[in-house]
Amino acid sequence: MHPDLSVDLCARLREAFLNAGYTADGVVDALGPQAHAALGRGEPEPARRASKDAGTLGTLIRLFLLGDQEPEQDVRKALDGADIDDLVNNDVLTAQLTAGLDVRPYEDNWWVIADLDSDLRGGAVPEDHVLGVGHASISLARATKRTPVGTLLDLGTGCGVQALHASTHAERITATDLSERALRLAQGTFRINGLDVETLQGEWFGPVRNRRFDQVVCNPPFVVGPPRVDYVYRDSGLGGDDASALVIRQLPAFLNEGGVGQLLASWLHRKGEDWEERVSSWLPRGGIDAWFVQRDIAEPALYVGTWLKDAGVDPRSPEGRAKASAWLDWFEENQVAGVGFGYVTLRRTDEMHSQVVCEDLRHAYDDPLGPEAARWLDNVAWLRANPDLLSRRFRVADTVLLEEVSEPSEDGWRKVVARLHRTDGPGWQHEVDEATAKLIAGCTGALPLEDLLSLLEFAYGEIDAEAALPIVRDLIRHGMLIPA
């Protein structure tokens, strides 16, 4: 039996949480920054100590975030107004009045309802486990563009995190999932936050056949490996990276003209194969602008160990060793050297010349990628509408610096490399030669590009304009050169 988190149950929970101050900001204020950071690292004792004097809020913190058993009178006081029997019957609480589900504050006075993770369960999660707020869901939310749209599809909603974020910019939201349990918990997430979201059960795009949306977001079961399903939240039953390929291949058909799809994806790095060619081959022919951003590459042993621990499986146990062995055998048989992971942004366009770009972005950066994805799409559209770059004026973005690295030599310092570095967003960097550096320095908005090239040719000799244009296009796409 799956929980039935009714509108009334969720409304009463919400009221109790607000009365106790059980919100994201309230938890941070009660615990303090150090204990809250320790809790994020999986170290509960500082939070347990800090919550002792926090009254009903402390009770809820220990109950739902630490998995403690609290005295019955304290639980009833903290959840005043909620029907305790109803909460027990629908798994929010156990019969012993401990947490039966993971119910936690999230961001702007939201709450998310999911299953207890392996730490709070004290062991491996079951096959139908519904994952809560994790690093993948947060990273996708940060990578999603937030331009207002009419309709949005959250494909494979899980506990509903992406739909929560979508509520800030989408008028109507549809959330689908293969798992009935996931949809039940997602409905609880939507109801406790007062959101009206259409929920549909079914596999992949089946529930929305013949429909189109302005935006699609998807955190699919992208784990790469043998074609099996150990856990529905991460395993598709398809072999290798076929789950990512399926979504990328089919998603454009469910977009309105100009609509945008964004997802997390994984892809194989096979010996003798270019990953860029691999992922590009998944796209339907024409009519799609696509941006593949690779954030990481994991070697097989690290990849397998990470995902075993994610599910609470000890890699040293007989179960862990058997799963790891079968997984690594599959990687070896399929000549897998590594697994790439990253973000994919797709836009449906009726333009004749669509743009497909694959980029490595494996360095650390702090700014969310969502605004950059929106800017990238805008810049690609501008480049398509303005093919004659030589007649245009440009200026260098205020956040761009020229960095030069030199090494000592017999004649003093010898320049080794010069690079343009954008210090905001994802921190794009481009190595440039001396002529290109001078050309970009001249982009102050006063002269068109062809005049700058003529001046450089007069001062320094022959300049190859055709060679400069691809660099200029890259700098425009990356927001480093701005049309004046």
Side-chain angles (χ1 to χ4, degrees), residues 1-20 22-23 59-60 63-65 67 69-70 72 75-106 109-118 120-121 125-134 137 153-164 166-167 172-203 206-208 219 221 231-233:
M1 290 290 294
H2 301 301
D4 181 14
L5 304 175
S6 68
V7 172
D8 180 68
L9 180 152
C10 291
R12 292 177 182 274
L13 265 184
R14 176 188 178 91
E15 183 178 3
F17 290 166
L18 289 174
N19 289 338
Y22 186 57
T23 64
T59 299
L60 294 175
L63 180 68
F64 287 114
L65 301 186
Q69 183 171 11
E70 294 293 293
E72 180 177 348
V75 174
R76 290 186 179 276
K77 182 179 179 181
L79 294 174
D80 185 38
D83 186 327
I84 298 299
D85 290 338
D86 197 10
L87 295 177
V88 171
N89 290 336
N90 288 287
D91 297 340
V92 178
L93 299 175
T94 67
Q96 294 74 39
L97 299 189
T98 59
L101 292 174
D102 186 321
V103 186
R104 66 180 57 222
Y106 176 62
N109 288 340
W110 289 329
W111 296 269
V112 172
I113 302 177
D115 278 324
L116 298 175
D117 64 20
S118 58
L120 292 184
R121 290 177 60 87
V125 300
E127 179 183 337
D128 64 350
H129 176 73
V130 180
L131 191 68
V133 180
S137 56
L153 169 64
D154 178 8
L155 182 72
T157 190
C159 65
V161 174
Q162 303 309 317
L164 275 186
S167 69
R172 298 181 302 282
I173 302 168
T174 299
T176 69
D177 208 288
L178 173 65
S179 164
E180 180 185 355
R181 182 173 183 82
L183 280 183
R184 290 288 188 93
L185 298 189
Q187 288 166 351
T189 294
F190 303 147
R191 289 166 181 165
I192 199 173
N193 292 291
L195 298 179
D196 181 15
V197 176
E198 178 189 25
T199 55
L200 301 172
Q201 184 180 1
E203 189 175 28
V208 291
N219 182 6
Y231 307 101
V232 294
Y233 74 90

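As the structure is a computational prediction, the values presented were derived from the model and not from experiment.
- Considering every non-hydrogen atom in both Asn193 and Asn109, the closest pair reads OD1-O, 4.0 Å.
- By the side chain to side chain contact (heavy atoms under 4.5 Å, CB included) test, Asp128 is found to be paired with His2, Pro126, Arg181, residues two or more places apart in sequence or in another chain being considered.
- Put simply, the side chain of Gln69 gets close to the backbone of Gln96: a donor and an acceptor are under 3.5 Å apart.
- Side-chain N or O atoms of Gln201 include one that pairs as donor or acceptor with a backbone N or O of Leu178 at under 3.5 Å.
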For this session: Check the pair Tyr22, Leu65 against side-chain contact (heavy atoms from CB on, under 4.5 Å), reporting the backbone distance first and the verdict last.
Result: CA-CA 11 Å; Tyr22 186 57; Leu65 301 186; 3.5 Å; yes
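- Residues meeting the salt bridge (Lys or Arg N to Asp or Glu O under 4.0 Å) test with Asp154, sequence neighbours left out: none.
- Nearest heavy-atom pair across Val88 and Thr94 is CG2-O, 3.6 Å.
- The closest side-chain heavy-atom distance from Phe17 to Thr23 is not below 4.5 Å.
- Put simply, the side chain of Thr176 never gets that close to the backbone of Leu200: no donor and acceptor are under 3.5 Å apart.
- At least one side-chain heavy atom of Phe190 sits under 4.5 Å from a side-chain heavy atom of Thr157.
- Between Thr98 and Leu93, the closest side-chain pair of non-hydrogen atoms is not below 4.5 Å.
- In terms of the salt bridge (Lys or Arg N to Asp or Glu O under 4.0 Å) criterion, Arg121 has no residue partners (sequence neighbours excluded).
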For this session: Decide yes or no on side-chain contact (heavy atoms from CB on, under 4.5 Å) for Trp111 and Phe64, but give the supporting numbers first.
Result: CA-CA 12 Å; Trp111 296 269; Phe64 287 114; over 6 Å; no
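- Of the possible polar contacts, one joining the Thr189 side chain to the Cys159 backbone as a donor-acceptor pair under 3.5 Å is found.
- Taking 4.5 Å as the limit, every side-chain heavy atom of Leu116 sits out of range of all side-chain heavy atoms of Val125.
- Across every non-hydrogen atom of Asp91 and Pro3, the tightest pair is OD2-CD, 4.0 Å.
- Smallest separation of non-hydrogen atoms from Cys10 and Gly188: SG-O, 3.7 Å.
- In this view, Thr199 and Gln187 satisfy the side chain to side chain donor-acceptor pair (under 3.5 Å) rule, not counting sequence neighbours.
- Atom CD of Glu15 has 12 or fewer neighbouring heavy atoms from other residues, nucleotides or ligands inside a 6.0 Å radius.
- Across every non-hydrogen atom of Ile113 and Leu185, the tightest pair is O-CB, 3.8 Å.
- By the 4.5 Å heavy-atom criterion applied to side chains, Arg184 and Asp4 are counted as neighbours.
- Looking only at distances, a side-chain donor or acceptor of Gln162 sits under 3.5 Å from a matching main-chain atom of Ser137.
- Remark: Asn19 pairs with no residue by the side chain to side chain donor-acceptor pair (under 3.5 Å) rule, at least two apart or across chains.
- Across all their heavy atoms, Val232 and Pro221 have their closest contact at O-CB, 4.2 Å.
- Arg191 places a side-chain N or O within 3.5 Å of a backbone atom of Leu5 that can act as its donor or acceptor partner.
- Checking side-chain atoms of Arg14 against main-chain N and O of Ile192 turns up a donor-acceptor pair under 3.5 Å.
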If you look only at distance, which donor and acceptor atoms sit under 3.5 Å apart when one is on a side chain in residues 78-86 and the other is two or more places apart or in another chain?
{"from": "Asp83", "atom 1": "OD1", "to": "Asp85", "atom 2": "N", "distance (Å)": "3.0"}
{"from": "Asp83", "atom 1": "OD1", "to": "Asp86", "atom 2": "N", "distance (Å)": "3.1"}
{"from": "Asp86", "atom 1": "OD1", "to": "Asn90", "atom 2": "ND2", "distance (Å)": "2.8"}

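- Between Asp115 and Asp102, the closest side-chain pair of non-hydrogen atoms is not below 4.5 Å.
- Within the 4.5 Å cutoff, the side chain of Val208 has heavy atoms near those of the Leu153 side chain.
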